[in-house]
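Reviewing the structure listed below.
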Amino acid sequence: MATTCSGGPGTGEGRPGSESARGKAGARGPGWGFTHTQYSADQGTERGRKAASALLSRHPMPQNQHIMGWGAGNPEPSPGRYDFADLDRRIALMRKTGTAPVLTLCCAPDWMKGGEPGRTDWSQESLETAPTPEHYEDFAALAGKIARRYPQVRHFIVWNEFKGFYDDGKKRWNYEGYTRLYNLVYRELKKQNPDNQVGGPYVVADSDAPGEADGSAAVSGPWGTLDQRSADAITYWDKHRAGADFVVVDGSSYTREGDRLIPDAFGATRKFRDVTRWLRRTTGLPVWWAEWYVEPADGRDDRAGWSEGRRTAVQATAMIRLAEGGTATAFYWNPETTGKRCPGCLWHPTELDDGGRELPMMKLLGRFAREFPPGTAFRSVDIAADDRPGVQVLADDDAVLVVNTLDRPIKAKVDGRSFGMGGYGVRWLTR
């Protein structure tokens, strides 16, 4: 059976026409990249660090770093006393190996949230506490200090997942408080340099199973419905923001309660396309996904239950859906560890002597970033397969990404070429 598959509209504006523009960030956003976490290429053995740095240089893409936590120490332990050693090191790595460095302005020093000056409580509860309202201006001032220190950084995300902004009494997000903080930070960053690009609200786009009462009728699909609390936070911020250059969310393809993948792991990824399109209609802004997840975590927040082949195939399908929705930028949360096993990581842990070597997700992400930069105009291709619904495709004028979503081999004919694919196979074609 032969069909024609269209990859969707992309951003709807076409991509740069020159070959030199491929893989480079455009005006609509940095593109496809990843976020540094606790362990990254600036740590570990010398051999591991060099190998990871060389790998990143071969796959230059936007890189994101938080200003406190996830590999960075407290930037202002006491009022007016700064420590930027960790951020300096990460920014240097990002500049050396990436394209556009991005900073997520989270989290806050202890003294801004009721803690003792000079002391840092690194517990999760403390790290995920928001500044108190009387310190919103102090946090904005810190953001301005950081913008001055790193003038090469032009993209800033304000806060992370509304951490500390949930109102237990009202059973909803405190979007009024977050928006106050956001507006102060936005104005401060624009005062430092009008060319600084700022976005929010970075709320979690949670979803519920179809038919559940808490879902938002505005955004729904076979995967379920967007949590009304998330939708309310986004629409309030959009209405009351001082300004924004992009809108930011994160989320998973599985449900908020029960971690259900509906109708299955591959079909659930349609959520990313549907939510992205809703965000574009609602805000009129370029859409950024600060994180996205496709594999439910276990009780220790580890995602290690799938084979690497299945994980990579589902991730590839999720990226296709994000692109179809018109996503301008998406950052893969790189789950680096120090152990020998590192499911879903971009490279082997640099703590190992043979660390820094490429893993399947880096191969996928790096190629995707190069082939489908911001502004890509996606094209239709002809597809014939012995199980057509099991094949997912994304194509532009130069490349075709083909994914076998089945756990068995198939035979396919895509864009005029016939070939076999193993179970959960991911293949690139040139046009």
Side-chain angles (χ1 to χ4, degrees), residues 35 37 106 123-125 127-130 159-178 200-237 247-279 282 287 289-306 310-311 314-315 317-319 321-322 325 327 330-333 335 343-344 405:
T35 293
T37 53
C106 182
S123 67
Q124 182 175 350
E125 180 181 4
L127 186 65
E128 296 186 356
T129 298
W159 209 242
N160 171 303
E161 293 187 334
F162 266 46
K163 285 179 168 57
F165 282 100
Y166 192 77
D167 190 321
D168 289 313
K170 296 180 179 179
K171 303 299 181 183
R172 66 164 174 85
W173 295 110
N174 175 16
Y175 38 72
E176 298 94 341
Y178 169 81
Y202 199 160
V203 70
V204 182
D206 279 330
S207 57
D208 298 296
E212 292 191 0
D214 291 337
S216 168
V219 197
S220 62
W223 45 269
T225 55
L226 182 67
D227 189 337
Q228 186 62 54
R229 291 168 297 186
S230 300
D232 289 345
I234 292 164
T235 53
Y236 181 92
W237 168 84
V247 57
V248 189
V249 294
D250 82 336
S252 60
S253 56
Y254 43 85
T255 59
R256 176 174 59 90
E257 296 290 344
D259 292 345
R260 296 170 59 192
L261 290 158
I262 304 171
D264 53 50
F266 290 94
T269 63
R270 177 175 164 177
K271 170 185 173 178
F272 297 122
R273 182 182 67 187
D274 295 346
V275 172
T276 300
R277 289 176 175 174
W278 176 77
L279 288 167
T282 300
V287 177
W289 285 81
E291 308 167 43
W292 80 88
Y293 300 96
V294 299
E295 180 181 1
D298 62 17
R300 297 179 299 176
D301 201 32
D302 291 330
R303 294 171 174 84
W306 293 357
R310 184 189 187 199
R311 181 180 297 112
V314 180
Q315 289 285 11
T317 305
M319 294 166 70
R321 298 290 176 252
L322 287 165
T327 296
F331 290 112
Y332 179 73
W333 188 271
T405 66

Quiz item: Can you pull the salt bridge (Lys or Arg N to Asp or Glu O under 4.0 Å) pairs that have at least one residue in residues 219-229, sequence neighbours excluded?
Solution: Asp227-Arg229, Asp227-Arg256
Quiz item: Does a side chain donor of either Asp274 or Trp223 reach within less than 3.5 Å of an acceptor in the other side chain?
Solution: yes
Exercise. Assess the side chains of Tyr293 and Glu291: does a donor N or O sit below 3.5 Å from an acceptor N or O?
Key: yes
Close side-chain approach of [X] and [Y], heavy atoms under 4.5 Å:
X: Pro296; Y: Trp306; value: yes
X: Leu279; Y: Val287; value: yes
X: Leu322; Y: Arg273; value: no

Quiz prompt | Sequence-distant partners of Trp173, ring pair (Phe, Tyr, Trp, His ring centres under 6.0 Å), two or more places apart | solution = Phe162, Tyr166
Over all heavy atoms of both residues, which pair between [X] and [Y] is shortest? Give the atoms and the distance, please.
X: Ala297; Y: Tyr254; value: N-OH, 4.4 Å
X: Trp237; Y: Val247; value: CZ3-CG2, 3.8 Å
X: Ala290; Y: Thr35; value: O-OG1, 4.1 Å
X: Ala330; Y: Thr327; value: CB-CG2, 4.2 Å
X: Ser253; Y: Lys271; value: CA-CD, 4.3 Å
X: Ala130; Y: Trp159; value: CA-CZ2, 3.7 Å

May I ask you to decide if [Y]'s main-chain N or O and [X]'s side chain share a donor-acceptor pair within less than 3.5 Å?
X: Ser230; Y: Val204; result: yes
X: Arg303; Y: Glu295; result: yes
X: Lys163; Y: Leu127; result: no
X: Thr225; Y: Gly221; result: no
X: Thr235; Y: Asp232; result: yes

Cut-off 3.5 Å, no hydrogens considered: what does the side-chain donor-acceptor table look like for residues 257-268, sequence neighbours left out?
{"from": "Asp264", "atom 1": "OD1", "to": "Phe266", "atom 2": "N", "distance (Å)": "3.0"}
{"from": "Asp264", "atom 1": "OD1", "to": "Gly267", "atom 2": "N", "distance (Å)": "2.6"}

Practice problem: Please determine if Asp167 and Lys171 form a salt bridge, counting it only when a charged side-chain N lies under 4.0 Å from a carboxylate O. | Solution: no
Quiz item: Just how far is it from atom OH of Tyr202 to atom CG of Asn160, taken to the nearest 0.5 Å?
Solution: 4.0 Å
Quiz item: Please walk me through it: do Leu226 and Asp206 pass side-chain contact (heavy atoms from CB on, under 4.5 Å)?
Solution: CA-CA 6 Å; Leu226 182 67; Asp206 279 330; 6.0 Å; no
Quiz item: Which is it for Trp289 and Thr276 under the side chain to side chain donor-acceptor pair (under 3.5 Å) test, yes or no, and what are the steps along the way?
Solution: CA-CA 9 Å; Trp289 285 81; Thr276 300; 2.9 Å; yes
Quiz item: Is the centre of the Trp292 ring less than 6.0 Å from the centre of the Tyr332 ring?
Solution: yes
Self-check item: Arg172 NZ/CZ over Tyr175 ring centroid, <6.0 Å and within 45° of normal
Solution: yes
Practice problem: Give the intermediate values and the outcome of side-chain contact (heavy atoms from CB on, under 4.5 Å) for residues Val314 and Val294. | Solution: CA-CA 7 Å; Val314 180; Val294 299; 3.6 Å; yes
